[in-house]
Amino acid sequence: MTQPLVGKHILIVEDEYVFRSLLDTYLTSLGAETRLAADGVEALEQMDSRRTDLVICDIAMPRMNGLALVEEIRNAGDQTPILVISATENMSDIARALRLGVQDVLLKPIKDLNRLRETVFACLYPGVYNSRVEEEERLFQDWDALVSDPGAAAKLLMQLQPPVQQTIAGCKINYRQLVSADTPGLVLDIAPLSDNDLAFYCLDVTRAGDNGVLAALLLRALFNGLLQEQLAHQHQRLPELGALLKQVNQLLRQANLPGQFPLLVGYYHSTLKNLILVSAGLNATLNTAEHQIQVSNGVPLGTLGSTHLNQISHPCSTWQCQIWGTGGRLRLMLSTE
């Protein structure tokens, strides 16, 4: 029997003994060296002491669940591939796992071991096996359901708001928001791009009816990939966010989402200590230790077929950005100290 996983070290994090044993037996038969943990705390201890090529983890576990484990691993700058296998039917848990940077999510019970094998291969050998097509298919299946149920879409969007305080890319970030507790207004998303940089955006979803929420979900799914692609294809280290917003504007039109979408996008490099901001229709003021800068708000996305935007670039290690529009008011704060 061929053993394609010879030399690969896989950590299985699962509190259910029978399923943990099944994974252990199957992956060992493929040649992998496996280690077992019953929860996230044990998993972190094992990762500190041994090389790990792939983490397979459940979501619901005692002491430290799978989402907390993934967040701990990624916040430490560890990009070890992670495969989540869970019985959850909570779409927000799956969406959060994907947002935290896991390679894929499989749902229990697993009836096809060939599917498990192909997914493990895709995690370990991304250049050869690529599960991106399956992820896109799942996105579009979910998209159809969300388009037909605006209430579910709004509920999901509220669940996906980032924590009010977190540390990413070497920066302490927190925000305060004045919006309605029941309906989305200003929607914020923040995510690391690497150990040294992060990106964020704020979208006012109140000026396009149900399309505002759908636009926010679409942006959440695609924004990081669009920015990573732009960074990979340019020689300078700092991105041109105006070009990125033009691309988002085109995507909204291609998705047949008419309306006005006021949007502010930011990028911060924690090593260069440089902040870039560009706004398409949202009011914003940047405060640093030495300066207060009014951000030119321009016109909302969706208003015109093309956009003409001016970005500001400012060196700072600590800053606050006040953002406001018809959907409410938000203050975003960052410090590298």
Side-chain angles (χ1 to χ4, degrees), residues 66-82 84 91-105 132 135-136 139 142 156-175 177 184 186-203 205 213 215-232 237-241 243-245 247-248 251 261 263-279 282 284 311 319 321 323 330-336:
L67 292 176
L69 170 63
V70 173
E71 188 168 17
E72 189 81 15
I73 292 171
R74 293 297 185 245
N75 282 345
D78 189 339
Q79 296 304 311
T80 299
I82 302 173
V84 169
M91 187 177 171
S92 65
D93 283 347
I94 296 172
R96 185 180 171 203
L98 292 170
R99 288 291 299 162
L100 287 170
V102 306
Q103 272 55 43
D104 213 336
V105 178
R132 189 175 288 233
E135 291 180 7
E136 289 177 356
L139 169 64
D142 294 341
L156 173 62
L157 188 59
M158 297 287 280
Q159 292 173 334
L160 292 176
Q161 286 288 87
V164 295
Q165 186 169 354
Q166 58 182 316
T167 299
I168 55 176
C171 303
K172 294 181 179 178
I173 301 173
N174 62 82
Y175 69 94
Q177 192 167 14
L186 290 183
V187 173
L188 178 70
D189 190 19
I190 311 165
L193 299 171
S194 73
D195 292 343
N196 301 314
D197 57 351
L198 59 90
F200 60 91
Y201 63 82
C202 185
L203 175 67
V205 303
V213 171
L217 291 171
L218 182 66
L219 188 59
R220 189 176 184 92
L222 300 177
F223 179 79
N224 274 25
L226 293 174
L227 186 50
Q228 290 278 22
E229 182 179 349
Q230 187 186 104
L231 288 168
R237 300 180 68 180
L238 296 174
E240 172 54 55
L241 294 184
L244 178 72
L245 263 66
Q247 194 173 3
V248 172
L251 286 172
F261 305 97
L263 175 68
L264 179 138
V265 173
Y267 170 88
Y268 187 73
H269 198 292
S270 58
T271 302
L272 299 176
K273 292 183 170 52
N274 197 94
L275 172 67
I276 296 174
L277 288 173
V278 62
S279 178
L282 276 178
Q311 72 176 27
W319 51 265
C321 187
I323 307 165
L330 183 147
R331 181 171 64 177
L332 179 65
M333 296 157 278
L334 179 146
S335 174
T336 58

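In plain terms, the two heavy atoms of Tyr267 and Phe200 that are nearest each other are N-CE2, 4.2 Å. Scanning both residues, Arg220 and Leu188, for their nearest heavy atoms gives NH1-O, 4.3 Å. For Leu251 against Leu218, the heavy-atom pair with the smallest separation is O-CD2, 4.5 Å. The two atoms that bring Ser270 and Ala169 nearest to each other are OG-O, 2.9 Å, heavy atoms only. Considering every non-hydrogen atom in both Leu282 and Cys202, the closest pair reads CD1-O, 3.2 Å. Listed here is the closest heavy atom pair of Thr336 and Lys273: OG1-CE, 3.5 Å.
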Take Leu332 and Ile190 through the side chain to side chain contact (heavy atoms under 4.5 Å, CB included) test and state the conclusion after the steps. CA-CA 10 Å; Leu332 179 65; Ile190 311 165; 3.9 Å; yes

Can you list the steps and then say if Gln177 with Arg331 is a side chain to side chain contact (heavy atoms under 4.5 Å, CB included)? CA-CA 6 Å; Gln177 192 167 14; Arg331 181 171 64 177; over 6 Å; no

Start with the C-alpha distance between Ile168 and Asn75, add both sets of side-chain angles, then the distance that settles side chain to side chain contact (heavy atoms under 4.5 Å, CB included), and finish with yes or no. CA-CA 6 Å; Ile168 55 176; Asn75 282 345; 4.0 Å; yes

Dump the intermediate steps for side chain to side chain contact (heavy atoms under 4.5 Å, CB included) on Leu198 and Leu334, then the final yes or no. CA-CA 11 Å; Leu198 59 90; Leu334 179 146; 4.1 Å; yes

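Looking only at distances, no side-chain donor or acceptor of Arg96 sits under 3.5 Å from a matching main-chain atom of Leu67. Put simply, the side chain of Ser279 never gets that close to the backbone of Leu264: no donor and acceptor are under 3.5 Å apart.
Not a single side chain to side chain contact (heavy atoms under 4.5 Å, CB included) links Asp195 to another residue, sequence neighbours left out. For Tyr201, the ring pair (Phe, Tyr, Trp, His ring centres under 6.0 Å) test picks out Phe223, with sequence neighbours left out. Every side chain to side chain contact (heavy atoms under 4.5 Å, CB included) that Gln311 has, sequence neighbours left out, goes to Glu240, Leu241, Ile276, Val278. Take Pro81 and apply the side chain to side chain contact (heavy atoms under 4.5 Å, CB included) test, not counting sequence neighbours, and it matches Leu54, Gln103, Cys123. Not counting sequence neighbours, the partners of Thr167 by the side chain to side chain contact (heavy atoms under 4.5 Å, CB included) test are Lys172.
Here Glu71 contributes atom CD and Leu100 contributes atom CG; the two are 5.5 Å apart, rounded to the nearest 0.5 Å. The distance from atom CG of Leu203 to atom CG of Leu217, rounded to the nearest 0.5 Å, is 10.0 Å. In this structure, CG on Leu245 lies 5.0 Å from CG on Leu263, to the nearest 0.5 angstrom. Within the model, atoms SG of Cys171 and NE2 of His269 stand 10.5 Å from one another, a figure rounded to the nearest 0.5 Å. Between the CD1 atom in Ile73 and the CD1 atom in Ile82 there is a gap of 4.0 Å [rounded to 0.5 Å].
Pairs engaging residues 161-171 under the salt bridge (Lys or Arg N to Asp or Glu O under 4.0 Å) rule: none recorded [sequence neighbours left out].
Tyr175 has its side chain within reach of Pro162: a pair of non-hydrogen atoms, C-beta onward, lies under 4.5 Å apart.
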